[in-house]
Amino acid sequence: MKKVTFFLFCLIVMSFTQSALAQPSQSTGLTGQTKNYISTGMPILLIAPDAISGAMGDAGVAATPDAYSAHWNNARFAFIESDLGLSTTYTPWLRNLGVGDMNLLYLGGYKRINPRSTVAASITYFSLGEIQSSDYEGNSTGTMNPNEFDIDVTYAMKITDELSLGATGRFLNSDLTNGQNVSDGSGYVSTKPARSVAADLGLYWQHNIDKQQQIAVGGFISNLGAKLSYSDDDTKKEFLPSNLRVGVRYTNEIDDYNEISVLFDINKLLVPTPPKTVGDSTYGQYYHNSAEYYSTGVMRGAIQSFFDAPGGMSEELRELQLSLGAEYWYNHTLAARAGYFYEHATKGGRQYATVGFGLKFNIMQVDFAYLVPTTAFSSNPLSNTIRISLTVNLSNKKGSNN
């Protein structure tokens with residue numbers, strides 16, 4: 001990649017990973033509505049780690065239990081039909097912009113410990129490639145290999161024959177500068193890797209309407225944990241992308257060869273909405289006009305995220321993200337998937353369609369996903385790239401597509 005200052009580099013990474021960099025109110029051309037994005041650290045935690053739900057518009061909180069349940073709803077693990085499984089996904093990053101050395105790698109596994117309980121663990125590693133950094137005057141300050149990773153451990157158990165709970169503990173590490181002193185345009189700042197711990201809590205219910213039809217409902221709170229700090233300045237710590245996801249699934253096994261599922265998710269960040277900003281900017285960086293935002297605690301921020309939008313309830317509703325997906329299986333061997341993801345233009349504007357397919361060979365399953373933006377202003381790091389997932393399910397029950 002070309003030489004960039006650390007400041008510009010961070011803008012590039014954050015804008016393409018979540019479209020959630022806090023910016024001042026700006027006109028969008030939408031009948032006077034203004035942009036007010038929600039900013040978080042490590043937005044990579046919200047990116048789908050698999051090509052299954054990733055091909056269904058990022059809908060997955062109530063999806064059929066599979067090896068990637070830790071990301072979408074950890075409680076799903078309690079209903080998984082295989083006793084043991086492994087999964088991995090390779091996700092190229094910014095290929096649409098010609099960047100060749102950024103990627104996301106995921107590796108996970110689960111083990112059923114008794115008929116009602118399952119344990120799981122996974123690691124996600126995000127490599128931002130090699131960066132030739134420079135100061136504001138353009139002088140080289142060395143080479144950086146920024147990266148982020150998280151490690152999590154999950155326990156899920158059935159409360160009843162139709163209801164389950166899941167809990168996850170997670171360790172997070174975000175190293176964007178390799179400890180270099182970096183320039184932000186006004187001077188040099190001493191930096192360090194940002195580390196934190198977080199927890200997830202999930203609830204999953206599935207009910208067989210009859211021998212052919214099943215309905216499922218899920219709720220999942222993820223990444224609730226301590227803020228991230230990249231320097232010794234503790235006055236501007238970054239919120240983790242704490243998140244609430246709720247959704248439903250309907251599955252119909254039409255006959256022995258054909259099965260179809262439809263999924264719908266509603267997603268909301270449990271992070272305070274940034275306050276209104278002053279109109280002045282320096283080197284493209286905008287500053288909030290209130291220190292209260294940065295001093296807000298994690299739990300308080302999660303609660304007030306439901307009513308703190310400057311634009312009132314209408315703006316709160318615009319912060320909801322919607323996912324709609326569908327999956328078709330033929331003979332429990334070949335799957336076709338499609339979906340759509342919607343985010344309001346004033347809250348990031350990510351709107352894209354997804355398609356994909358899966359192939360199952362005995363205990364092995366390979367899945368592919370492809371993402372296409374549907375609006376001219378919608379940018380996504382996965383635009384026009386293929387994600388590939390590999391899952392190995394051991395001791396799988398006959399006829400299951402998990």
Side-chain angles (χ1 to χ4, degrees), residues 48-69 71-73 75-89 108-110 112 115 118 158 161-162 164 204-218 247-265 323-341 353-372 386-402:
D50 64 302
I52 301 175
S53 289
M56 296 189 291
D58 291 347
V61 69
T64 304
D66 60 24
Y68 300 95
S69 296
H71 178 83
W72 301 103
N73 185 354
R76 286 167 36 189
F77 274 124
F79 284 91
I80 202 162
E81 295 189 9
S82 176
D83 290 333
L84 176 67
L86 299 172
S87 59
T88 185
T89 297
Y110 65 88
R112 179 173 295 283
T118 303
K158 291 181 181 179
D161 290 339
E162 295 184 334
S164 63
Y204 176 76
W205 175 79
Q206 67 176 34
H207 171 71
N208 295 324
I209 301 173
D210 53 35
K211 292 183 178 180
Q212 293 179 301
Q213 301 178 87
Q214 183 182 83
I215 187 171
V217 179
V248 297
R249 168 179 58 87
Y250 169 75
T251 297
N252 190 333
E253 188 173 352
I254 301 170
D255 53 39
D256 290 341
Y257 293 93
N258 299 280
E259 179 181 289
I260 188 169
S261 296
V262 179
L263 304 87
F264 177 69
D265 282 12
S323 297
L324 179 65
E327 178 183 57
Y328 166 77
W329 276 95
Y330 175 74
N331 197 27
H332 305 290
T333 302
L334 175 64
R337 305 181 180 99
Y340 191 80
F341 178 92
T354 60
V355 294
F357 65 93
L359 295 171
K360 188 167 188 266
F361 311 93
N362 197 5
I363 63 172
M364 185 175 296
Q365 181 174 319
V366 181
D367 297 284
F368 302 84
Y370 189 78
L371 182 151
V372 182
I386 294 178
R387 277 179 284 180
I388 304 174
S389 294
L390 174 64
T391 306
V392 179
N393 292 312
L394 306 176
S395 303
N396 208 37
K397 291 184 179 179
K398 183 178 180 181
S400 171
N401 59 8
N402 295 311

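For the single chain, residues carry numbers from 1 onward in sequence order. Since the structure is predicted, the reported quantities are computational estimates derived from the model, not experimental observations.
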Within the 4.5 Å heavy-atom criterion, are [X] and [Y] side-chain neighbours or not?
X      : Y      : result
Asn258 : Ile260 : no
Gln213 : Thr251 : no
Thr354 : Tyr370 : no
Ile52  : Arg337 : yes
Thr391 : Lys360 : no
Leu390 : Met364 : yes
Gln365 : Ser389 : no

note = Exactly one candidate in Arg249, Glu253, Glu259 meets side-chain hydrogen bond (donor to acceptor under 3.5 Å, both in side chains) with Gln214; the answer is Arg249

ask   = What residues form a side chain to side chain donor-acceptor pair (under 3.5 Å) with Ser87, not counting sequence neighbours?
value = none

ask   = Taking only residues two or more places apart in sequence or in another chain, which ones pass side chain to side chain donor-acceptor pair (under 3.5 Å) with Asn331?
value = none

task = Keeping the roles fixed (side chain from Asp255, backbone from Tyr257), state whether a donor-acceptor pair exists under 3.5 Å.
result = yes

message = I'd like to know if the side chain of Ser323 reaches the main chain of Phe264, judged simply by a donor and an acceptor atom lying under 3.5 Å from each other, with no hydrogens or angles considered.
response = no

Please give me the minimum heavy-atom distance between [X] and [Y], naming the atom from each residue.
X      : Y      : answer
Ala62  : Gly247 : CB-O, 3.7 Å
His71  : Ala48  : NE2-CA, 4.0 Å
Asp367 : Ala51  : O-CB, 3.6 Å
Tyr68  : Trp72  : O-CD1, 3.4 Å
Arg76  : Thr64  : NH2-O, 3.2 Å
Ser53  : Ala59  : OG-O, 3.1 Å

The criterion is salt bridge (Lys or Arg N to Asp or Glu O under 4.0 Å); which residues satisfy it with [X], sequence neighbours excluded?
X      : value
Asp265 : Arg245
Arg387 : none
Asp50  : none
Asp256 : none

task = Rounded to the nearest 0.5 Å, what's the gap from CD1 on Ile80 to OG1 on Thr118? Could you check?
result = 7.0 Å

note = Rounded to the nearest 0.5 Å, the OG atom of Ser164 sits from the CD atom of Gln206 at a distance of 7.5 Å

inquiry  = Would you say that more than 12 heavy atoms from the other residues, nucleotides or ligands in this model lie under 6.0 Å from the CG of Asp161, or not?
reply    = no

query = Which of these, Tyr204, Tyr110, Trp205, sits in a ring pair (Phe, Tyr, Trp, His ring centres under 6.0 Å) with Phe79?
reply = Tyr204

